[in-house]
Amino acid sequence: MVLYHDRRIMTNDKGNPTNAVYVHEKCIVWAPRVQSSGGTFKNVENEIKRASRWECSRCKLRGAALGCYYGRCRKTYHVPCAVMIPECRWDVEGRHVWCPNHAPHDDMSSPPTMESDIVLQVDQLNTSSCSLSQGQCSEKERISSNYQREQNLQNQSSTLVDQWVLLGISLSASEEDSLKEFASLTNSTLVEDWDKNVTHVIVGRNTNTACVRSYAVLMAILYGKWIVRAGWIMDFLVQRIPHPETPYEMTFYGGLHTSISGPTKGRARAAEGAPKLFSGLNFCFSDYVHVEDLEEFQNLIAAGGGLALQGVSPDSLPEIRSRIPGKVYYIYHGGPPRNSTWYFKDVHQNQMEESVEYGKSGAQVISHLKLYDAILSYDARILKPGRSFTNMCE
């Protein structure tokens, strides 16, 4: 994705979204009526309007500018959608594509592969090393060296839109209405609570720290799901053009405004089939944790590949540790109670005394907030003593 303004394409870090539009660079380059010369593009606005009337033959969303080169064929595609159809054939020099029904059968037109001249990432194009505003570059120079990893990372985006399962959290009334309209237009499924079938968590514009630490966000990170701002659906409703999720993906910030891209790392690990965040780690819990909080902690740890130990006490822990590999973490509730009660101080005091006993038995004592921080940063090292991030906000 790049920003287009005043007949030029600029990288996201240099562009100003208030007076520019997000576009796929490849969609501009391959749009049949766009004229380009020396980094300047003409007729882009008209092509955007024209494409907004055409429905993509693959994803069924509007904004498809690239039509089959066979004159009588009515099939048209978004460029990334056409790339995901192996039977399509390409003329890189002439910027033409043929649909599967009209694809030539000679050797001069072959489907795009990692080594071919037109390799596109479905969601995010690498424009840092080469931009049309900096002069002409060959297609091969534009190919990302991390193509295969990025293709795996974007596998959720290749899911057909009518298979999307959407969960909105911290949405305003108008954002909720927009999400319902978006779901209707894309034939997606809306759910009210977290489920592992959720593909996208949509986060409201006025998101606070409590929302960032919510159960749905944490589970979505561990399962490698998309977590995007509400602007993703808003921009679609305005332009009726599908937008890739990457520019809208949530990013968290720790101390000194350090970027913490837990959602991105979670998706990458899930796409690669890598070991989960808490693999090889064991957890036990304070007896004073509220039953609903305890259930959420156990679900998070299971989703992260960790082992939640049952029936553990400070006295039994040494024997248990001798039988199981890996570190044992004891988790106490480090925040305000789920329900304010007059005996909160007593519960807190009991937890602290219990923590001391578990520490003597060999467990690493941590607050549940540290568990959340490890998930948000997708970094199990956060659990270790002296590792943390503070002042997190969105």
Side-chain angles (χ1 to χ4, degrees), residues 59-61 122-124 152-172 175-208 210-237 242-252 260-274 276-278 292-293 295-306 371-372 374-378 394:
C59 72
K60 306 305 180 184
L61 296 180
V122 174
D123 251 352
Q124 187 176 15
N152 290 335
L153 181 58
Q154 306 301 341
N155 64 352
Q156 295 95 335
S157 286
S158 64
T159 303
L160 295 177
V161 292
D162 60 3
Q163 296 176 11
W164 286 349
V165 179
L166 312 175
L167 171 63
I169 60 174
S170 191
L171 299 179
S172 65
E175 288 171 338
E176 288 181 359
D177 291 340
S178 296
L179 180 57
K180 291 177 182 177
E181 182 181 0
F182 176 88
S184 176
L185 290 171
T186 60
N187 200 27
S188 305
T189 301
L190 271 181
V191 295
E192 295 184 358
D193 298 302
W194 165 258
D195 182 272
K196 64 181 181 180
N197 293 322
V198 167
T199 59
H200 295 73
V201 173
I202 317 299
V203 180
R205 200 168 293 173
N206 298 320
T207 302
N208 55 29
C211 172
V212 168
R213 294 176 182 268
S214 70
Y215 179 69
V217 167
L218 298 173
M219 290 294 279
I221 292 174
L222 292 171
Y223 274 97
K225 309 295 187 176
W226 284 106
I227 306 173
V228 295
R229 310 170 197 273
W232 180 58
I233 61 175
M234 300 298 188
D235 287 352
F236 169 84
L237 295 176
H243 292 71
E245 296 92 331
T246 304
Y248 302 89
E249 189 166 27
M250 292 283 290
T251 299
F252 311 123
I260 301 167
S261 53
T264 302
K265 290 193 286 186
R267 288 191 304 106
R269 293 284 288 272
E272 295 167 357
K276 295 185 176 181
L277 179 63
F278 300 134
E292 293 181 30
D293 292 323
E295 182 179 0
E296 289 191 357
F297 298 165
Q298 291 174 334
N299 290 342
L300 289 169
I301 287 166
L371 178 75
Y372 288 3
I375 298 172
L376 288 169
S377 61
Y378 209 89
E394 212 295 343

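In this text, all values refer to a predicted model and were calculated from it rather than measured experimentally.
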Who pairs with Phe182 by ring pair (Phe, Tyr, Trp, His ring centres under 6.0 Å), at least two apart in sequence or on another chain? Trp232, Phe236
Taking all heavy atoms of Arg213 and all of Leu218, pick out the closest pair and write down the distance. O-CD1, 3.4 Å
The criterion is side-chain contact (heavy atoms from CB on, under 4.5 Å); which residues satisfy it with Glu176, sequence neighbours excluded? Leu171
Please lay out, stage by stage, how Val228 and Ile202 fare under the test side-chain contact (heavy atoms from CB on, under 4.5 Å). CA-CA 5 Å; Val228 295; Ile202 317 299; 3.5 Å; yes
Any donor-acceptor pair under 3.5 Å from Lys265 side chain to Ser377 backbone: yes
Counting only heavy atoms not in Glu181, do more than 12 fall under 6.0 Å of its CD? yes
What's the verdict on side-chain contact (heavy atoms from CB on, under 4.5 Å) for Lys276 and Leu222, showing C-alpha distance, side-chain angles and the deciding distance? CA-CA 8 Å; Lys276 295 185 176 181; Leu222 292 171; over 6 Å; no
Glu296 CD to Tyr372 OH distance, which is reported to the nearest 0.5 Å: 5.5 Å
Step-by-step side-chain contact (heavy atoms from CB on, under 4.5 Å) determination, Tyr223 to Val198: CA-CA 9 Å; Tyr223 274 97; Val198 167; over 6 Å; no
Mind listing the closest non-hydrogen atom pair of Ala230 and Gly204 along with its distance? CB-CA, 4.3 Å
Identify the two heavy atoms, one from Ile221 and one from Gly262, that lie closest to each other, and give their separation to 0.1 Å. CG2-O, 3.7 Å
What heavy-atom pair brings Ile233 and Ser178 nearest, and what distance separates the two atoms? CD1-C, 4.1 Å
How close do Ala270 and Gly224 get, heavy atom to heavy atom, and via which atoms? CB-CA, 3.9 Å
Report the distance from atom CG of Asn187 to atom OG1 of Thr189, rounding to the nearest 0.5 Å. 7.5 Å
Worked check of side-chain hydrogen bond (donor to acceptor under 3.5 Å, both in side chains) between Thr264 and Glu249: CA-CA 8 Å; Thr264 302; Glu249 189 166 27; 3.1 Å; yes
Just to verify, what does Ala216 make a side-chain contact (heavy atoms from CB on, under 4.5 Å) with, not counting sequence neighbours? Leu167, Ile169, Trp194, Ser214
Can you tell me how far the NZ atom of Lys180 sits from the CG atom of Leu185, to the nearest 0.5 Å? 14.5 Å
Please round to the nearest 0.5 Å and tell me the distance separating atom CG of Leu166 and atom CG of Leu179. 5.5 Å
Beyond-backbone contact of Leu371 with Phe278, side-chain heavy atoms, under 4.5 angstrom: yes
Under 3.5 Å, is there a donor-acceptor pair between the side chain of Glu175 and the main chain of Arg205? yes
Under the salt bridge (charged side-chain N to carboxylate O under 4.0 Å, His left out) rule, what pairs show up with a residue in residues 190-199, not counting sequence neighbours? none
At what distance, to the nearest 0.5 angstrom, does CD of Gln163 lie from OG1 of Thr199? 9.5 Å
Pro244 to Pro247 - nearest heavy-atom pair and separation: O-CD, 3.3 Å
Going by side chain to side chain donor-acceptor pair (under 3.5 Å), name the residues that satisfy it together with Asn299, two or more places apart in sequence or in a different chain. Tyr215
Enumerate the residue pairs fulfilling salt bridge (charged side-chain N to carboxylate O under 4.0 Å, His left out) with a member in residues 214-223, sequence neighbours excluded, ordered by first and then second residue. none
Working to the nearest 0.5 Å, report the span between NZ of Lys225 and NE2 of His200. 10.0 Å
